[in-house]
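Let me begin by presenting the structure, written as structure tokens, before commenting on it.
Heavy atoms only: backbone and side chains are in, while hydrogens, waters and symmetry mates are out. Here is the naming used below: chain letters follow the sequence lines, and residue numbers restart at 1 for every chain.
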Amino acid sequence: MPSFRAPRGTRDLLPDVSSGLNRLEGIARSLAGRYGYREMEIPMFEQTAVFERGIGEVTDVVEKELFRLAPRTEEAEAWALRPEATAGIVRAFVQHGMQTWPQPVKLTVVGPMFRYDRPQAGRYRQFWQWDAEAIGDPGPAVDAEMIEMGYRFYVEAGVPDVQVLLNSIGDGACRPAYLAQLTAYFRRHEAELPELERRRLDANPLRLLDSKDAAMAALVAAAPRIGDCLCEACAAHFAAVRAHLEAIGVPYRVEPTLVRGLDYYTRTTFEYYRRGAEGQQQALGGGGRYDGLVELLGGRPTPGIGFALGLDRVLLALDETRAMAAAMAPPLAVVVGADPADTIARLRVASLLRAEGLCVRAELAQRKLGRQLETASRDHAHFAVIIGDELNEGHVQLKDLEAGTQRLVPLGELARELARAAKSHHHG
RNA sequence: GUGGCCUUAGCUCAACCGGCAGAGCAGCGGACUGUGGAUCCGCAGGUUACGGGUUCGACCCCCGUAGGCCACCCCA
């Protein structure tokens, strides 16, 4: 047993998985580019206050999942690893005066996030997200555009059965009234509530709506709906978002009980959800509008909307459907040697070919020729360059591993021969 | 953070009621000393996750720890 292992909730992404993640990041970057989002980088950690104020002090993410760093000195500020990207991006937006940029400012971040909670499949302490934010546009069209971009990501990544869940949770004008109404409703039925739900009633009554307790189903169904309580402006915004989605053909379902865990959301909230998935990996990503967040982090009042898509969960979904990324492309040629000990000759020839831009693997293990060819075949190389005594006359054997044929080629023409062969291979 | 299940070779898994820790795959080598994906043979790989306890004797029973998974909490 090795004495060291990856920390709990983290894992090594071995080449197959790593290239799968890379592929997803490539799709994300391509989409971001097509939709006009510019990629940026933000620190992996921030002052704890950025998250506390931005995400909300009483959210689970801040209360129990924040990865807090031990201070180095008494005077040091409190730092924490980023549990999500939105707060950091908005902090950067304010810090760099992006309110003077052409609005909206559309930004994207791809990278690892950190949350200190109990790990499970598809749920890690270090996980990868694609995050996109459009800051500075209050209109419903940008909401729909963003929801479409996320939906398209799953389509292009090849995740089956993704559903868009949509809701509006109102704003400062109408939500307080709704919350009062909702709280009053559940208070009237407090005696029927399970213990856990009773505690939620005080902490975060909205959460009662997506309770998984079967005993709650009837109560929740009869509870007042936020959709019926939206103020005129919020209702109009919601209707417009839906009209835009329908116009561009993004399928969605209004989910009146969809509330999200972070404090900063206003109006539009949405979630990408995988139908038929077992367990906790159904939520693939989510987002929403946060019209008060920029102000909360010290900027001028500026509306914004964003999403965060969990790449690990996509990887998991693709793994289940056996649609993972293909293995590494095979080398054009493998350089092998008749003399197992002469690695210098092999490395020299490989170096020569690589300098010409060719994809060539050098078999450097000191094994006999048969074994070298065996691994070359297993790697699905098109050619083997066999180096033997002919090298003294400036020649090598070029063997076509698929056809089984071989011929003598002058070393000086080898690169050209291989390049031409590669071309004809690719053309069929 | 709460409750439950699990952990045997790099991987997938065996091992009767508590009685000598095994196989397939992968790796390496040989058959085949300058010619490959097949086949056959061999080699290596283990403190049975870790630490304690019970027992003549523990992979097996008990306790603890770590890790994984499942259901919650919650989220990606």
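Of the candidate nucleotides B:G34, B:A76, B:G29, B:G29 has the atom nearest to the side chain of A:R367. Counting only heavy atoms from C-beta on, A:E374 has its side chain closest to B:G37 among B:G37, B:G34, B:A76. Listed nucleotides: B:U35, B:C73, B:U33. Nearest to the side chain of A:K368: B:U33. The listed nucleotides are B:A31, B:C73, B:G29; the one nearest the side chain of A:R371 is B:G29. Listed nucleotides B:G27, B:G36, B:C69 differ in distance to A:S377; the shortest reach to its side chain belongs to B:G36. Across B:A76, B:G68, B:G27, the shortest atom-to-atom separation from the side chain of A:R378 is found for B:G27. Distance from the side chain of A:R115 is smallest to B:C75 among B:G36, B:C75, B:G4.
Contact annotation: side chain of A:R118 to base of B:G68, donor-acceptor pair absent below 3.5 Å. Counting distance only, with no hydrogens placed and no angle test, the side-chain atoms of A:R313 and the base atoms of B:C75 include a donor-acceptor pair under 3.5 Å. Between the side chain of A:Q397 and the base of B:U35, no donor-acceptor pair under 3.5 Å is found. For a distance-only test at 3.5 Å, the side chain of A:K64 qualifies as a donor-acceptor partner of the base of B:C73. Taking 3.5 Å as the limit, the base of B:C50 and the side chain of A:R5 contain no donor-acceptor pair of atoms between them. Side-chain N/O atoms of A:E65 and base N/O atoms of B:G1 include no donor-acceptor pair closer than 3.5 Å.
Once rounded to the nearest 0.5 Å, the distance linking OG of A:S377 with CG of A:L401 reads 5.0 Å. Atom OG1 of A:T108 and atom CD1 of A:I89 lie 7.0 Å apart (nearest 0.5 Å).
There is no side-chain donor-acceptor pair under 3.5 Å between A:R23 and A:S19. In this model, no donor atom of one side chain and acceptor atom of the other lie less than 3.5 Å apart for A:R68 and A:Y116.
When the P atom of B:G1 is taken as reference, atom CZ of A:F67 falls 12 Å away, rounded to whole Å. The distance from atom CZ of A:R125 to atom C1' of B:G68 is 13 Å, rounded to the nearest whole Å. Distance, A:R82 CZ to B:A76 P: 15 Å, rounded to whole Å. Rounded to whole Å, atom P of B:A76 lies 11 Å from atom CZ of A:R123. Computed from coordinates, the A:L398 CG to B:G36 P distance equals 17 Å when rounded to whole Å. The CG-P distance, from A:L401 to B:U35, rounds to 15 Å in whole Å.
Between the P atoms of B:G67 and B:C62, the separation comes to 22 Å (whole Å). Annotation: B:C16 and B:C69 have their C1' atoms spaced 29 Å apart (nearest Å). The P atoms of B:A15 and B:C61 are separated by 13 Å, rounded to the nearest whole Å. Rounded to whole Å, the separation between the P atoms of B:A38 and B:G51 comes to 41 Å. B:C25 and B:G19 are spaced 30 Å apart, taking the C1' atom of each and rounding to whole Å.
Among the protein residues, A:Q372 comes within range of no part of the nucleic acid, since none of its heavy atoms lies under 4.0 Å from any strand. Residue A:G287 is classed as having no contact, given no heavy-atom separation below 4.0 Å to the nucleic acid. Heavy atoms of A:E390 sit under 4.0 angstrom from at least one base atom. Within 4.0 Å of A:G404, counting heavy atoms only, lies at least one base atom of the nucleic acid. Base engagement by A:D389 is indicated by at least one non-hydrogen atom pair under 4.0 Å involving a base atom. Counting any heavy atom pair closer than 4.0 Å across all strands shown, A:D60 reaches sugar-phosphate atoms only and no base atom. In this structure, A:G285 reaches the sugar-phosphate backbone alone: every heavy-atom distance under 4.0 Å involves primed, P, OP1 or OP2 atoms, never a base. Counting non-hydrogen atoms under 4.0 angstrom, A:A376 reaches nothing in the nucleic acid.
Ring centers of A:Y272 and A:Y154: under 6.0 Å apart, within the cut-off.
Ranked by how close their nearest RNA chain B nucleotide is to the 5' end, A:Q129 and A:R8 are led by A:R8. When each of A:P119 and A:G286 is assigned the nucleotide of RNA chain B with its nearest heavy atom, A:P119 is the one assigned upstream, toward the 5' end.
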#### Entry: Watson-Crick and G-U pairing of RNA chain B written in dot-bracket, each distance under 3.5 angstrom, with | for inter-strand partners
(((((((..((((.....[..)))).(((((.......))))).....(((((..]....))))))))))))....
### Task
Evaluate side chain to side chain contact (heavy atoms under 4.5 Å, CB included) for A:I305 paired with A:F270, printing each intermediate quantity in order.
CA-CA 11 Å; A:I305 182 168; A:F270 56 96; 4.3 Å; yes
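Judged by the 6.0 Å and 45° rule, A:R82 forms no cation-pi pair with A:F51.
Of the candidates A:R267, A:R289, A:H244, A:R289 is the only one forming a side-chain hydrogen bond (donor to acceptor under 3.5 Å, both in side chains) with A:D143.
Between A:F153 and A:W130, the angle of the ring planes lies from 30° to 60°, which puts this pair in the tilted group.
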